[in-house]
Amino acid sequence: MADADSVAAMRILFVCLGNICRSPSAENVMRAVAEREGILDDLELDSAGTIGIHGGNAPDARMTAAAKGRGITMRGASRQIRSADFTEFDLIVPMDESNVRDLKAWPGAAEGTAKLKLFCEFCEKFTDTHEVPDPYYGGAEGFETVMDLLEDGCEVIARKFKDGTLLKD
Ligand code: 4NP
């Protein structure tokens, strides 16, 4: 999260189930892309899970290894989504449809102002899936697929932020 005194132009929250694989990777990939694009100071980035059982935990070691292979250092600790997130963020980006369902049923979601948009709606290179598949119970290739999708979508998020269309359609 950006520090409390800074005024971020756009607050983006990535969401998955456990907040130890996909969404912390999305946050860290987004941070790296934003830094490269010179927009890191304009964004407040965070991630959360719909379940709380991994609360406080570091990202999964398999995910951290896959991210490292792409030059991404994984930082952060798992936390569960909270009702305030639906008003404190401008854009909430879930990884799959079950995340969307869980978020829509969350207390405070209906009153929230955040726009909800599935991550893969931002992907332009990898368009044959509309979800970032849960890699938790699978093999190493699943974590590479996650990274492929995240790098693709985060590039597009950065471009849309820069051209002012991120919250449109
Ligand atoms: P994530 O992956 O939602 O991408 O963080 C998972 C992490 C934990 C579990 C499932 C998926 N779990 O069942 O504990």
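When a ligand or atom number is given, it counts from 1 through the structure's own listing order.
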In terms of residue, atom name and distance, what is the protein heavy atom nearest to [atom]?
{"atom": "atom 1 (P) of ligand 1", "value": "Cys16 SG, 3.5 Å"}
{"atom": "atom 13 (O) of ligand 1", "value": "Tyr137 OH, 3.3 Å"}
{"atom": "atom 2 (O) of ligand 1", "value": "Asp134 OD1, 3.5 Å"}
{"atom": "atom 12 (N) of ligand 1", "value": "Tyr136 CE2, 3.6 Å"}

### Query
Is the closest side-chain donor-acceptor distance between Asn99 and Asp96 under 3.5 Å?
yes
### Query
For residues Asn19 and Ser47, is any side-chain donor paired with an opposing acceptor at under 3.5 Å?
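Side-chain D/A pair, Asn19 to Ser47: present.
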I want to know if ligand 1 touches [X] in the polar sense, i.e. an N/O pair below 3.5 angstrom.
{"X": "Ile53", "answer": "no"}
{"X": "Leu17", "answer": "yes"}
{"X": "Pro135", "answer": "no"}
{"X": "His54", "answer": "yes"}
{"X": "Ile51", "answer": "no"}

#### Entry: Salt-bridge present (Arg22, Asp60; N to O < 4.0 Å)
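No, Arg22 and Asp60 are not salt-bridged.
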#### Entry: N-O pairing of Arg159 and Glu155 below 4.0 Å
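No.
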### Message
So which atom in Met74 and which in Pro59 form the shortest heavy-atom distance, rounded to 0.1 Å?
### Response
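Shortest heavy-atom contact: CE-CB, 3.6 Å.
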### Query
If every non-hydrogen atom of Tyr136 is compared with every non-hydrogen atom of Cys21, which pair is closest and at what distance?
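Smallest heavy-atom distance, with atoms named: CD1-SG, 4.0 Å.
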### Query
Would the number of heavy atoms belonging to other residues, nucleotides or ligands and lying under 6.0 Å from CD of Glu35 be above 12?
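Counting neighbours around CD of Glu35, 12 or fewer heavy atoms of other residues, nucleotides or ligands fall under 6.0 Å, so no.
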#### Entry: Any Val132 heavy atom less than 4.0 Å to ligand 1
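No, Val132 has no heavy atoms under 4.0 Å from ligand 1.
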### Task
Please could you name the atoms of ligand 1 that Cys21 approaches to less than 4.0 Å, counting only its heavy atoms?
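What qualifies from ligand 1 is 1 (P), 2 (O), 4 (O), 5 (O).
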#### Entry: Proximal ligand 1 atoms for Gly18, defined as those under 4.0 Å from one of its heavy atoms
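This gives 1 (P), 3 (O), 5 (O), 7 (C) as the contact atoms.
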#### Entry: Asp102 side chain to Thr50 backbone, donor-acceptor under 3.5 Å
no
### Query
Is ligand 1 under 4.0 Å from a heavy atom in the side chain of Ile20, in the backbone, in both, or in neither?
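The answer is both.
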### Task
Measure the spacing between CG of Leu150 and CD1 of Ile157 and express it to the nearest 0.5 Å.
9.0 Å
